[in-house]
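Have a look at the structure below, then the notes.
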Amino acid sequence: MNKENVYNNILGTVGNTPLVRLNKITKDVESEIFSKLEFLNPMGSVKDRIAKYVIEKAEKEGRIKEGQLIIENSSGNTAMGLALVAIQKGYKLKVIVRDRISKEKIDQLEALGVEIHMVDSSLPPESPNSYNNITPSIVEKTPGCYFPDQHNNRENNETHYETTGPEIWKQMHGKIDYFIAGIGTGGTICGVAKYLKEQDPNIKVIAIDPVGSIFYDYFYFKKKVKPAPYLIEGLGDEFLIKCVDFSVIDDMFRVSDKTSFLYTRKLVSQEGILAGGSSGAAIWGALRLAKSLKKSARIVTIFPDSASRYLSTIFNNEWMKKKGFL
Ligand SMILES: Cc1ncc(COP(=O)(O)O)c(C=O)c1O
């Protein structure tokens with residue numbers, strides 16, 4: 001942090017996001033709920049942190065050179081973080097995204113000059129052209145590219161162990177009972193959990209997984225179930241991936257698209273917080289947790305990205321009605 005709030009370039013503004021207490025949406029619970037507003041990062045999401053950390057680490061270790069092409073698969077937010085880093089540091093960027101990604105994210109990626117490879121999200125996960133399978137094959141066919149691999153590269157978790165976790169600990173003055181967050185690549189929740197548990201092993205960590213993703217059944221029953229399509233962007237997966245470290249997770253909740261989106265809208269109408277769909281899942285989870293507790297606790301969650309990415313979906317009444325959510 002820099003006292004005067006002046007930075008050498010925009011990358012200096014990544015991280016050190018505010019933590020806010022929620023007061024209205026929490027009126028029926030005794031516990032206190034705080035959220036870290038990750039949509040206030042320069043590209044509007046928590047993923048700016050990993051883009052900066054992973055590329056700067058690769059630079060320090062001589063694994064990437066100016067001008068090189070970065071390739072990554074992303075639900076859009078990591079792509080935007082990488083676009084920022086690429087522009088600032090002189091890299092090229094190609095991203096692989098699913099076709100269910102919101103129009104706003106595509107428009108922003110285009111505005112940032114990113115090359116986009118769109119994948120048909122109706123393909124079965126085992127198809128060679130599915131989101132998870134096509135990326136390694138594109139990487140293999142592109143000599144000299146750099147693949148951060150946010151799903152399997154534990155530097156993703158390390159980013160949050162080194163930055164988000166310590167920030168939360170400091171902002172909460174070390175008084176935290178629960179940390180609850182959505183699980184996508186797992187980097188955020190597992191990196192923060194590892195750090196917080198090292199400071200205070202009594203802190204309990206709860207992950208939120210969408211209906212249709214496979215993490216919930218694996219966590220509880222060690223079963224790899226068949227995935228099903230869902231609409232929440234950024235959470236869950238069709239495969240087990242290396243950044244998901246189940247050993248630091250104490251409990252897992254499963255959330256539907258409808259619940260996440262209705263709670264996303266409640267965050268706006270009750271708190272004035274314009275956050276995205278996974279933030280609705282996060283606040284729903286934090287409230288469910290608070291209602292289940294016998295005594296008041298201090299609960300921390302994360303709002304990963306901004307409502308501005310979902311104006312044509314979650315905040316569009318016609319879309320919500322068409323999907324049966326209103
Ligand atoms: C909107 C949104 N929320 C939550 C997450 C989950 O974060 P993580 O990948 O660190 O588990 C992501 C990840 O892409 C995201 O884009």
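Atoms within each ligand, like the ligands themselves, are counted from 1 in listed order. This chain uses plain numbering: 1 for the first residue, then up along the sequence. Please read these numbers as outputs of a predicted model, since none were measured by experiment.
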- prompt: Aromatic rings F261 and W319: how do their planes relate, parallel, tilted or perpendicular, breaks at 30° and 60°?
  reply: tilted

- prompt: Parallel under 30°, tilted from 30 to 60°, perpendicular over 60°: which one fits the rings of F246 and Y218?
  reply: tilted

- prompt: Is any side-chain heavy atom of V46 closer than 4.5 Å to a side-chain heavy atom of H160?
  reply: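 SC-SC contact between V46 and H160 confirmed.
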
message: Side chains of S130 and V119, heavy atoms from C-beta outward: is any pair under 4.5 Å?
response: no

- request: Considering only NZ, NE, NH1 and NH2 on the basic side and carboxylate oxygens on the acidic side, decide whether K224 and E238 come within less than 4.0 Å.
  value: no

Y146 six-ring face occupied by R63 cation (under 6.0 Å, within 45°): no

message: Give the residues near ligand 1 by chain and number, with the criterion being a heavy-atom distance under 4.0 Å.
response: K47, S75, N77, I183, G184, T185, G186, G187, T188, E233, G234, L235, S278, P304, D305, Y310

